[in-house]
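Heads up: the structure comes next, in structure tokens.
All heavy atoms count here, side chains included; hydrogens, waters and symmetry mates do not.
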Amino acid sequence: MPVSKRAEEPQAGSRRPYPQCPENLRPVAVEAWVFRWQVELDAEVRFARLSQRLANLGGPKLLAELAQRASDDERRHATLCLEVAQEYGYPGRAATSPVTVPEIAPRRLSERQKVLYELVASCCITETESMSVLTTLLQAAKGQWMKSVLQEIARDEVSHSRLGWAFLASEHAAGSVKFLGSLIPDMLEGTVTEGLFARVKPYLEDPELLQHGVLPHSTKRSIFVQTLRDVVFPGLEYHAVDTEPARAWLSQKMENLAQPT
Amino acid sequence: MRVRKLFQVLVLGGAALATSAGTCSSASGPPNIGANKADGGMGQGGHKDAGVEKGGGTPGW
């Protein structure tokens, strides 16, 4: 469904910078939406590949179909994120070169375990965290245009996250998920950006960022942590995945943050 | 939607999806919260053998 814009909002294709964004925050908004554009393009490829791998494994047909649908969703999201970045003044255009995404699972795992690893990392962790961020942004956003963008993306991210939790449930029923416990910290390490547990310059903490679809840095970190503690870790435990290594990883990160600089 | 409600929507929603996909029955399903605590880790030492840049998904949000 296309996202409509109100009269007071920037017009599609106008390339006019979003009028109500403070100049010092505009580059932050551009960087965030350009990054999302790239991530969504990667996700499009990753989900298409997962769909094929699920089908090859003889996995649930419904889940393979959902993965393919997720790939289609991500393509739309990528376009949307690029459009938002352009409204904020990003001069770039859609790239035409093909996107390649790396294998993220350990080589020593079986194909079935690799697919589970990738779905847990991409869906149970990353997409669940994304839903938490989108929910927070939606509650804070005042502009109708931004709300519409966030709503369209959030609606799809629910099913992307569920895809991972569904496959984990399926594999748990088959009794083969215990190997994941010690691997969750690696997934988390690959998920967090380098600076998430570091302090940042004050303008990156500006609450005004929320109106442009960007979380202030410390809010982003606290949501990441809360979502791990309240959703991801209990979800993994629900499926008998040991979360002690992951909880230790998080404790270490939080201890490092508490150290005086 | 509050963060805690996400557990219901995503985790339980996913479990229900697995059931409807016919991959696990509601009876054989997951409800053994905390059962893993005693299992311990597998001592596999992460994905250092993977030769990959990252072991996780990249969050755009």
Side-chain angles (χ1 to χ4, degrees), chain A residues 35-36 39-40 42 60 62-63 81 102-108 121-122 125-135 158 161-170 172-173 178-179 181-183 185-191 223 226-227 230-231 234-235 237-245, chain B:
Chain A
F35 181 69
R36 287 167 185 169
V39 169
E40 302 284 12
D42 288 354
L62 176 63
L63 301 191
C81 291
E103 170 74 64
I104 60 171
R107 285 199 192 103
R108 63 186 154 74
S122 301
I125 296 175
T126 301
E127 297 283 349
T128 298
E129 290 284 353
S130 294
M131 266 310 298
S132 203
V133 170
L134 282 161
T135 300
V158 170
S161 173
R162 280 179 178 164
L163 167 64
W165 291 112
F167 192 58
L168 180 58
S170 167
H172 174 213
K178 285 183 182 174
F179 73 96
S182 63
L183 299 177
D186 296 308
M187 296 183 195
L188 294 173
E189 198 63 56
T191 296
I223 287 174
Q226 188 189 357
T227 305
D230 291 350
V231 187
E237 288 165 1
Y238 189 79
H239 295 294
V241 176
D242 181 16
T243 60
E244 287 304 321
Chain B
M1 197 188 312
R2 292 285 174 199
V3 167
R4 287 196 175 110
K5 196 176 176 198
L6 288 176
F7 181 87
Q8 274 185 298
V9 172
L10 303 179
V11 179
L12 301 186
L17 184 62
T19 302
S20 66
T23 60
C24 58
S25 71
S26 54
S28 67
N32 52 357
I33 297 175
N36 58 305
K37 299 283 185 184
D39 293 345
M42 300 289 283
Q44 293 175 336
H47 67 84
K48 307 300 184 290
D49 65 326
V52 296
E53 291 178 19
K54 286 186 172 186
T58 305
W61 300 88

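Residue A/L188: no heavy atom, backbone or side chain, is found under 4.5 Å from chain B. A/E129 does not touch chain B: none of its heavy atoms, backbone or side chain, sits under 4.5 Å away. There is no contact between A/E127 and chain B, counting heavy-atom distances below 4.5 Å. Heavy atoms of A/V231 lying under 4.5 Å from chain B belong to its backbone as well as its side chain.
Residues B/L17 and A/L163 are not in side-chain contact: their nearest non-hydrogen atoms beyond the backbone lie 4.5 Å or more apart.
For the residue pair B/A18 and A/A166, the shortest heavy atom distance occurs at CB-O, 3.4 Å. The nearest pair of heavy atoms linking B/V11 to A/W165 is CG2-CE2, 3.7 Å. The nearest pair of heavy atoms linking B/F7 to A/G235 is CE1-N, 3.5 Å. Counting all heavy atoms, side chain and backbone alike, B/G13 lies closest to A/R162 at CA-NE, 3.8 Å.
When the candidates A/G164, A/P185, A/S130, A/C81 are compared by the number of heavy-atom contacts under 4.5 Å with chain B, A/S130 comes out ahead. Per-residue heavy-atom pair counts under 4.5 Å with chain B were compared for A/I125, A/L134, A/D42, and the maximum is reached by A/L134.
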